[in-house]
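Positions are given from 1, in the same order as the sequence printed here.
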Amino acid sequence: MELNKRQDEILEIVKADGPITGEQIAERLSLTRATIRPDLAILTMAGFLDARPRVGYFYSGKKKDQHLTENMMNMKVRDFQSIPVVVKESLSVYDAITQMFLEDVGTLIVVDDQSRLTGILSRKDLLRTAIGGTDLEKIPVHMIMTRMPNIAYCRKNEALVHVAKVLIERQIDALPVVEETEEGLSVIGRITKTNITSAFLSLAENHDL
């Protein structure tokens, strides 16, 4: 949440002269108490202001950078994930390379016939096989893919910051987003470095960073 101009003005008034009543704040702004009531409610619920009966409003000490941090920590995978690009285990390496170029992605998610996660294919996996001098149309991707338990994945309710840390630590471009079922891990999305960069950029723009 980004504060608007009037909310910023209210915050500065309370910081300078609090505790102060709603009527006194409204008078400073040449507005009615009813007009600023929603702003006071937002500032109080967000934790910027505290209110006490018969005393008024006073500044809680919470800073805007704290609010920015909270917003960042509240960003979830589900809000920024994209459609997964999946291939079947039986697909040939040649067709996987074609699929990667057509979809313009750096990672392919490999699933079985029930759409359960079984592997991950990166550019490096495909390049390593392509320069080996073998017939790419005869090699299925399940022979070269990264398998469990070496696959990193995430769930839709995980914090975006945590996923960003995993991508950096493991030096990979994307994670499949999964949902646990009785049969295994069902792929419901993917989260990439581009998704995360766009999310954090939007947050920075909203806070005028």
Close side-chain approach of [X] and [Y], heavy atoms under 4.5 Å:
X	Y	value
Glu183	Gln114	no
Leu185	Arg116	no
Leu49	Phe58	no
Leu175	Arg190	no
Pro84	Val177	no
Val166	Val163	no
Leu126	Ile144	yes
Leu29	Ile13	yes

Residues in salt bridge (Lys or Arg N to Asp or Glu O under 4.0 Å) with [X], at least two apart?
X	value
Lys124	none
Arg37	none
Asp17	Arg28

[Y] and [X] side chains, donor-acceptor separation under 3.5 Å:
X	Y	result
Asn195	Ser198	no
Glu179	Ser186	no
Thr194	Thr197	no

Where [X] and [Y] come nearest, the two heavy atoms and their spacing:
X	Y	answer
Pro140	Glu89	CB-O, 3.8 Å
Tyr59	Phe48	CD1-O, 3.4 Å
Ala26	Arg33	CB-N, 3.7 Å
Thr192	Ala174	CG2-CB, 3.7 Å
Glu103	Val85	CG-CG1, 3.6 Å

Any side-chain to backbone donor/acceptor pair from Thr118 onto Val110? Under 3.5 Å, distance only.
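Yes: the side chain of Thr118 pairs with the backbone of Val110.
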Is there a donor-acceptor pair under 3.5 Å between the side chain of Thr98 and the backbone N or O of Tyr94?
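Side chain of Thr98 to backbone of Tyr94, a donor-acceptor pair under 3.5 Å: yes, one is there.
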Flag if over 12 foreign heavy atoms under 6.0 Å of [atom1], [X]:
X	atom1	value
Leu102	CG	yes
Glu23	CD	yes
Lys193	NZ	yes

Is there a continuous path of hydrophobic side-chain contacts, each under 4.5 Å between heavy atoms, that joins [X] to [Y]?
X	Y	answer
Tyr153	Leu108	no
Leu43	Ile25	yes
Tyr57	Ile36	yes
Phe101	Leu136	yes
Met145	Ile151	no

Which residue, Val141, Val86, Val87, forms the side-chain contact (heavy atoms from CB on, under 4.5 Å) with Gln99?
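With Gln99 as partner, Val141, Val86, Val87 yield a single side-chain contact (heavy atoms from CB on, under 4.5 Å), made by Val87.
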Could you give the distance from [atom1] ([X]) to [atom2] ([Y]), rounded to the nearest 0.5 Å?
X	Y	atom1	atom2	result
Leu117	Ile188	CG	CD1	12.0 Å
Asp113	Ser90	CG	OG	7.0 Å
Ser92	Ile139	OG	CD1	9.5 Å

Give me each pair satisfying salt bridge (charged side-chain N to carboxylate O under 4.0 Å, His left out) with a member in residues 142-155, each pair once, sequence neighbours excluded.
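Sorted pair list: Arg155-Glu180.
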Is Glu9 paired with Arg6 through a side-chain N to carboxylate O contact shorter than 4.0 Å?
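Looking at Glu9 together with Arg6, the answer is no, because their closest N to O distance does not fall below 4.0 Å.
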Please identify each residue that fulfils side-chain hydrogen bond (donor to acceptor under 3.5 Å, both in side chains) with Gln24, with sequence neighbours left out.
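Applying side-chain hydrogen bond (donor to acceptor under 3.5 Å, both in side chains) to Gln24 gives Thr21.
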Tell me the side-chain hydrogen bond (donor to acceptor under 3.5 Å, both in side chains) pairs involving residues 126-146, sequence neighbours left out?
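Of all non-adjacent pairs touching residues 126-146, those that pass side-chain hydrogen bond (donor to acceptor under 3.5 Å, both in side chains) are Asp125-Arg128.
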